[in-house]
Amino acid sequence: MLDKRFSQAIEEKWQTEWEKRGTYTFRGLDERPTYAIDTPPPFTSGELHMGHTLSYAYFDFVARYKRMRGFNVYYPQGWDTQGFPTETKVEKKCGRLPCGLFREKCREWTAQMIDKMKDTMVRLGFSPDWEHQYLTMDSEYHRKVQLSLHLMYDKDMVYRSEHPVFWCYKCNSALAKTDTDDLERETLLNHILFKGPEGEGLVIATTRPELMYACVAVMYHPDDERYKNLEGKEVTTALGKKVPVLPDRDVDKEYGTGLLMVCTFGDKQDIVWAYRHKLPIVSILDGRGKLTGTGGFDGLKPKEAREKIIEKFREEEKILKQEKTTQVVKVHDRCKTPVEYALSKQWFADITNHREEIKKMAREVRWVPEFGINYLDDWADSVEWDWVISRQRHFGTPLPFYYCPKCGETEKADELPFYPEKAPEKACSCGEKMKPEESVCDCWVDSSITPLMVAGWPDREGWERMYPNALRPQGVEIIRTWAFYTIYRSGIGITGKKPWDVVLLNGNVLAPDGRKMSKSLGNVISPTDLLKQYPADALRQWAAMSGAMAKDRPFSYEDIKFAKSFLNKVWNAAKFVQKSLEGYDGSSPPLSDIDKWILESMNKATEECTDAMENYEFHRCARKLHDFFWHDFCDDYLEYVKYRIYGEDEESRKAAQHTLHEVLYSFIKLLAPISPHISEEIYHEMFKSREGEDTINFMPWPEPGPRFAKEHRKVGQMRELVSKIRQAKASEKISQGAEILLYLPGTELPEEMLEEVKNITRIKEINEGEFKIEKVEEEKEKEA
RNA sequence: GGGCUCGUGGUCCAGUGGUUAAGACGCUACCUUGACAUGGUAGAUAUCCCCGGUUCGAAUCCGGGCGGGCCCACCA
């Protein structure tokens with residue numbers, strides 16, 4: 001028997017059982033078509049947040065649906081383990097350690113975080129294959145990442161070169177853009193006097209006059225009439241250096257004087273211009289972030305130098321104006337020091353020569369929703385320079401190369417996995433000893449081969465059967481990184497084939513107030529907190545109701561409360577059906593029109609749910625399940641058949657029992673991908689003996705049964721009359737269960753339908769006359 | 001500034017050319033009817049952002065505007 005209430009104890013029972021049985025473990029390739037999911041490996045922060053919950057629920061729905069559709073689903077759990085946040089946390093906890101030991105501590109810490117996250121995932125009923133996990137910090141993963149880089153190196157897609165990178169001089173480290181914050185501050189915009197080709201005065205505006213020693217050009221907007229005459233000529237800076245004047249579309253005519261100086265490298269725009277116009281590169285900061293090559297200002301920090309140089313220009317009467325302006329500067333998020341660009345040797349992957357190929361391959365993939373591809377196109381078109389793949393960090397995949405400090409020659413490592421501290425010596429052709437590269441890879445280098453990892457590339461037998469992967473689920477906000485780099489590396493760089501058939505996009509979960517969830521706003525909702533109050537199946541329904549629109553959506557307590565009520569409804573209805581089926585022998589006598597009506601409704605729901613699941617429209621599937629089950633099945637059908645279940649007519653009762661059984665059985669199968677726990681429990685308590693399968697997970701997805709379109713229409717008319725009578729009872733304040741007399745002017749309803757109406761609405765007698773109802777006096781009952 | 005996306009009862013959201021615009025939450029009235037009060041029956045509440053166009057017909061398609069959101073670029 002089903003328990004009195006559906007509880008989390010039941011959910012936990014099944015979670016344990018599924019894990020014990022290895023229900024979701026991949027058993028190897030077989031005759032079934034494979035369905036490999038390129039699951040997002042979460043960064044191992046230790047916390048699973050609502051965004052994860054939503055996104056992971058999506059592809060868990062798909063995985064469960066595909067299993068029921070007969071696919072051999074391969075759905076391994078990956079973990080994105082390496083990165084700065086981990087280094088920071090471990091450093092805080094353990095202090096500074098030698099490199100090898102430090103990495104060991106990072107690994108330990110990561111393992112703990114994974115345990116925490118896995119626990120939440122299990123409690124949400126996610127069904128990945130825990131026996132086929134991958135961790136980006138494993139040496140096996142390192143080996144494959146390194147191999148992939150070698151293959152790209154052989155195609156000249158990976159190279160070492162000099163390039164400006166974000167640099168924090170306080171921490172003495174290269175930074176990724178994500179390690180920076182924006183800081184708004186007030187500063188002075190200085191109008192400084194330059195000399196034109198004829199010795200005439202020209203005024204440029206700058207906030208960083210101390211960089212003038214690195215000035216390599218002066219620019220204006222091509223449509224700016226004031227400066228058009230300067231094209232191709234040279235001007236003299238306030239320091240007496242001659243530089244070319246160039247037109248450029250990115251110059252703002254309205255800002256300052258419309259004339260600006262380009263230095264290497266004041267900000268990112270300077271780098272863009274330096275590359276676009278092939279300008280010479282002048283290093284003005286030394287290794288400690290102090291000025292160099294300036295003569296009088298060497299050894300000063302930029303800020304000090306700025307004050308001094310302004311003083312100098314003021315004395316020379318070259319400062320014409322100073323105005324206050326606000327600017328946004330990038331600062332290192334940890335120490336809040338403004339970052340500079342520093343020239344250094346880094347490793348690159350050649351994006352700029354492959355953008356058209358990437359865009360073309362992206363078109364072979366189905367994007368759900370379609371607009372997702374726009375993000376990728378935009379990015380491909382706007383990338384200014386190649387992808388810097390090296391990072392000066394410790395906890396990461398080592399770049400598997402050597403370089404020659406003398407001639408700059410590079411070579412692949414001979415053995416993989418490669419670790420610089422264990423690297424054998426290598427001589428350069430120039431005679432010098434080569435150095436093993438000590439930088440590690442950008443995290444996206446690791447995660448841009450996940451479809452290959454999932455497939456088992458390059459050595460697992462039959463990996464080509466799983467590549468392309470069937471599905472890549474991911475957030476919209478990382479199309480520019482994860483999707484883009486994966487197509488570039490796994491697709492263009494390594495296999496020449498698209499990485500997946502379908503990309504399924506999800507949006508973010510906002511706080512109920514519509515703002516971003518953030519610790520500082522105190523509006524964070526976590527799945528672990530919700531699980532204290534709501535069953536996992538309710539959270540999963542919330543996720544389904546949030547749709548697959550790739551749209552940000554506020555978290556809604558109403559939705560999850562509704563989901564919980566719905567589960568309660570399903571549970572109670574199942575209890576009723578179970579009780580109603582007592583003594584049922586499995587026979588199926590002729591069905592009534594009402595039975596055929598609900599079976600036809602079931603057929604329609606099956607079609608709609610199937611279509612919705614095929615198109616990843618989980619909200620449509622969930623809504624149909626709600627509407628059908630709550631309204632058609634519970635509110636109407638169950639009420640319509642009660643008199644038959646409790647009545648004396650055995651044939652009629654068996655027909656109703658047969659129908660109840662069929663409908664509930666099909667329904668829980670349709671519900672199983674979204675709410676697997678409740679479906680599994682009901683399956684085991686009520687239906688298992690029939691099929692002998694030990695889990696609902698692999699039951700075949702329902703197909704529509706025999707069609708009853710005619711009966712469906714006929715019953716529609718009957719329901720209108722029932723509704724009219726209920727309405728009359730309500731307005732006369734008569735209880736719905738009370739027995740009545742009905743007066744009708746006549747009806748088109750067939751006799752047997754009218755008979756149903758009598759039974760359903762407890763009519764004692766139907767009389768000819770204007771429509772009205774009358775309560776039957778209960779004298780007889782009182783007497784008894 | 002560029003790209004994308006959205007704008008539907010008090011709130012959230014479905015519907016993407018065709019009869020009285022679906023549902024949820026909230027609200028009102030009634031109903032302790034033998035699965036469920038985490039329930040049931042009924043009810044009120046919508047200039048479908050604005051303007052113009054296409055069409056026999058537009059919430060739905062097109063153009064323009066206004067207003068949110070996201071991403072990117074952000075001023076030397």
Side-chain angles (χ1 to χ4, degrees), chain A residues 2 4-6 182 187 189-190 204-209 211 215 218-219 248 250-263 266-270 272-273 325-328 369 371-375 377-379 381-384 475-480 507-508 510 512 514-516 538 545-547 549-559 561-580 617 619-620 623-624 626-627 630-631 634-635 638-639 642 645-646 722-739 762:
Chain A
L2 291 168
K4 189 147 195 267
R5 285 178 188 280
F6 177 61
D182 287 344
T187 187
L189 183 63
N190 304 283
I204 63 105
T206 180
T207 55
R208 298 199 64 184
L211 298 180
C215 174
V218 165
M219 285 186 173
D248 190 281
D250 287 342
V251 178
D252 184 350
K253 288 194 281 187
E254 310 301 322
Y255 189 84
T257 58
L259 202 60
L260 61 87
M261 66 171 188
V262 181
C263 307
D267 61 25
K268 187 178 169 185
Q269 189 63 52
D270 286 337
V272 172
W273 280 326
T325 178
T326 49
Q327 66 172 176
V328 176
F371 67 75
I373 199 170
N374 294 328
Y375 287 77
D377 279 349
D378 284 359
W379 187 243
D381 290 336
S382 66
V383 166
E384 296 276 3
V476 176
E477 75 283 1
I478 52 173
I479 290 174
R480 297 185 143 87
N508 279 311
L510 305 175
R515 293 186 297 177
K516 270 193 176 171
M545 287 187 287
S546 295
M549 290 290 294
K551 214 173 100 180
D552 290 354
R553 191 172 161 159
F555 178 79
S556 153
Y557 280 103
E558 280 71 35
D559 281 356
K561 278 180 195 157
F562 174 72
K564 196 179 172 185
S565 314
F566 181 66
L567 293 174
N568 182 55
K569 195 76 185 172
V570 171
W571 190 255
N572 283 305
K575 273 180 3 193
F576 172 75
V577 173
Q578 188 176 42
K579 211 175 143 207
S580 304
E617 296 174 82
H619 67 287
R620 195 150 69 83
R623 187 157 45 93
K624 188 68 204 175
H626 295 155
D627 289 351
W630 206 316
H631 300 115
C634 293
D635 291 347
L638 294 189
E639 298 303 328
K642 273 181 179 168
I645 294 296
Y646 298 127
V722 169
S723 180
K724 203 171 168 188
I725 294 164
R726 283 174 171 167
Q727 203 172 324
K729 281 186 169 179
S731 69
E732 308 258 337
K733 306 201 178 183
I734 298 171
S735 150
Q736 294 293 336
E739 205 170 29
R762 303 213 62 205

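Proteins get letters first, then strands, A, B, ... in listed order; numbering begins at 1 in each. The figures that follow rest on heavy atoms only: side chains count, while hydrogens, waters and symmetry mates do not. The structure presented is a predicted model; accordingly, all values stated were derived computationally and were not measured.
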What is the distance, to the nearest angstrom, from the [atom1] atom on [X] to the [atom2] atom on [N]?
X      : N      : atom1 : atom2 : answer
A:E558 : B:rU38 : CD    : C1'   : 15 Å
A:H619 : B:rC13 : NE2   : C1'   : 9 Å
A:E639 : B:rG40 : CD    : C1'   : 8 Å
A:R762 : B:rC31 : CZ    : P     : 17 Å

Between [N] and [M], how many Å separate the two [atom1] atoms, rounded to a whole number?
N      : M      : atom1 : value
B:rU20 : B:rC25 : C1'   : 24 Å
B:rC13 : B:rC75 : C1'   : 41 Å
B:rA46 : B:rU8  : C1'   : 7 Å
B:rG15 : B:rA24 : C1'   : 15 Å
B:rU32 : B:rU41 : P     : 15 Å
B:rG65 : B:rG39 : P     : 48 Å
B:rG7  : B:rC62 : P     : 14 Å
B:rG2  : B:rG9  : C1'   : 36 Å

ask   = Is there a side-chain contact between A:Y375 and A:V476 (heavy atoms, below 4.5 Å)?
value =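 Yes, side chains in contact.
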
What is the nucleic acid contact for [X], judged by heavy atoms within less than 4.0 Å: base, sugar-phosphate only, or nothing?
X      : answer
A:D552 : sugar-phosphate
A:K569 : base
A:N508 : nothing
A:S580 : nothing
A:K516 : sugar-phosphate

Counting only side-chain nitrogens and oxygens, does [X] get under 4.0 Å of the OP1 or OP2 atom of [N]?
X      : N      : result
A:K642 : B:rA35 : yes
A:H626 : B:rC13 : no
A:W630 : B:rG39 : no
A:T207 : B:rC75 : no
A:Q269 : B:rC75 : no
A:K561 : B:rC25 : no

inquiry  = Using only atom types and a distance under 3.5 Å, with no angle test, would you say the side chain of A:Q578 pairs donor to acceptor with the backbone of A:L2?
reply    =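 Flag set: sc A:Q578 to bb A:L2 pair under 3.5 Å.
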
key: Worked verdict on A:C634 versus A:K569 for side chain to side chain contact (heavy atoms under 4.5 Å, CB included)   = CA-CA 8 Å; A:C634 293; A:K569 195 76 185 172; 3.8 Å; yes

Residue met sooner reading RNA chain B from 5', once A:Q327 and A:R480 are mapped to nucleotides =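 Nearest-nucleotide comparison on RNA chain B picks A:R480.
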
ask   = Pick the nucleotide of RNA chain B nearest each of A:Y375 and A:R726; which residue has the one closer to the 5' end?
value =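 Closest to the 5' end, via its nearest nucleotide, is A:Y375.
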
Distances under 3.5 Å between protein N/O atoms and the N/O atoms of nucleotides 9-12 of chain B, please, pair by pair.
none

message = Taking 5.5 Å and 30° as the limits, would you call A:Y646 and the base of B:rG34 a stacked pair?
response =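 One would call A:Y646 stacked on the B:rG34 base.
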
